[in-house]
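In what follows, chains are A, B, ... by sequence order, proteins preceding strands, each numbered from 1.
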2 protein chains.
Amino acid sequence: MKKITIGEAARQSGVKVPTVRYYESIGLLAAPSRSEGNQRSFDPADINRLAFIRHARELGFEIEAIRALLTLQDDPHQSCASADAIAKARLIEVEQRIRSLMALKAELETMVEGCGHGRVDQCRVIEVLADHGQCTHPHH
Amino acid sequence: MKKITIGEAARQSGVKVPTVRYYESIGLLAAPSRSEGNQRSFDPADINRLAFIRHARELGFEIEAIRALLTLQDDPHQSCASADAIAKARLIEVEQRIRSLMALKAELETMVEGCGHGRVDQCRVIEVLADHGQCTHPHH
DNA sequence: TCTTGCACCTCTAGCCGCTAGAGGATGTAG
DNA sequence: CTACATCCTCTAGCGGCTAGAGGTGCAAGA
């Protein structure tokens with residue numbers, strides 16, 4: 001049986017070494033076995049789990065949501081309704097965030113376009129920030 | 001001269017009371033004068049400054065960017081090139097964030113649509129998370 | 001075999017931008 | 001005068017890591 005060091009696990013999963021230890025410390029990853037010299041020794045399943053966590057983090061899932069998803073993955077005979085619900089909730093969050101950012105984008109564009117590159121007392125950027133009423137899209 | 005309490009300042013600016021104190025503590029807002037009983041007493045300029053900060057925070061500017069913008073506002077004869085640069089940088093950030101979130105959205109939609117509401121071992125949500133290679137848009 | 005040098009270990013503290021709570025003082029209305 | 005909201009300071013905590021100190025393990029070259 002090949003032993004996988006934490007560095008190797010990090011490389012293969014794309015999760016940084018201190019982050020792997022962090023995930024272990026919060027119980028997202030089971031504590032691996034240790035070598036004689038007290039060094040962590042991971043097995044391939046741990047790498048998969050780390051990759052799963054990393055992917056979910058990239059998709060913006062919170063640690064607690066990932067914990068729930070991992071619990072589901074660990075017991076494949078359960079209904080996947082919860083996984084579906086978690087993903088749907090995340091989708092709604094993302095959609096709201098996009099809408100909000102689009103409004104911000106419009107606002108920032110107006111600010112930047114209106115800037116005559118003169119002095120601060122005529123600067124639209126500063127002006128709009130100082131007075132929310134000047135916003136074209138006040139929904140942020 | 002009317003004295004504005006911290007609670008009133010919070011109400012008028014839309015910044016929470018502890019956050020007002022926090023902004024003072026990090027030097028974003030000058031320490032206001034105090035009443036005989038050591039209570040903060042703000043003036044209308046402070047309310048404006050707080051509203052400016054709040055608006056900038058809503059637009060996602062970082063505290064240090066806001067500090068820079070406030071410095072510019074305090075000296076209206078300066079060129080507004082820096083304000084412009086800060087806003088442009090923020091605009092680029094927002095655009096990138098939107099692009100990234102759109103990719104996430106597509107991914108999450110595929111996951112949710114593919115879910116047959118059966119058991120976890122057939123769940124597309126879990127499956128895709130476990131294997132990044134199944135992503136339709138691997139750019140996240 | 002020895003030494004070099006990287007990778008590993010634990011532990012604590014820090015990042016951002018607040019937020020919460022303890023424990024007490026002040027101010028105001030009835 | 002009492003009740004009660006609001007204020008004060010201070011410390012600690014949130015999420016999700018990241019950085020650094022100070023020490024140990026291990027493999028490869030001389």
Quiz item: Do B:Leu108 and B:Met111 have side-chain heavy atoms sitting under 4.5 Å apart?
Solution: yes
Self-check item: Pair A:Gln73, A:Arg49: side-chain N/O donor-acceptor within cut-off below 3.5 Å
Solution: no
Can you tabulate the close N/O pairs, meaning under 3.5 Å, that link protein atoms to atoms of nucleotides 14-18 of chain C?
from   : atom 1 : to      : atom 2 : distance (Å)
C:dC18 : OP2    : B:Tyr23 : OH     : 2.8
C:dC18 : OP2    : B:Arg57 : NE     : 2.8

Quiz item: Sub-3.5 Å donor-acceptor pair from the side chain of A:Arg57 to the main-chain atoms of A:Phe52, do we have one?
Solution: no
Quiz item: Counting only N and O atoms by type, is there a donor-acceptor contact under 3.5 Å from the side chain of B:Asp46 to the main-chain atoms of B:Asp43?
Solution: yes
Quiz item: For A:Arg40 and C:dT10, is the shortest distance between a side-chain N/O and OP1 or OP2 below 4.0 Å?
Solution: yes
Quiz item: Side chains of B:Glu109 and A:Glu95: does their closest heavy-atom pair fall under 4.5 Å?
Solution: yes
Quiz prompt | Value in whole Å for how far the P atom of C:dA13 lies from CZ of A:Arg21 | solution = 18 Å
Quiz item: Could you give the start and end, 5' to 3', of the contact zone on DNA chain D for chain B, using atoms under 4.0 Å from its heavy atoms?
Solution: D:dC7 to D:dT9
Practice problem: Using a strict cut-off of less than 4.0 Å between a Lys/Arg side-chain nitrogen and an Asp/Glu carboxylate oxygen, indicate whether B:Glu58 and B:Arg54 qualify as a salt bridge. | Solution: yes
Quiz prompt | Ion pair B:Arg124/B:Glu113, N-O distance below 4.0 Å | solution = no
Quiz item: Given atom CD of B:Glu36 and atom C1' of C:dA25, what is their separation to the nearest angstrom?
Solution: 15 Å
Exercise. Might you confirm whether atom CD of B:Glu62 has over 12 heavy atoms from other residues, nucleotides or ligands at distances under 6.0 Å?
Key: no
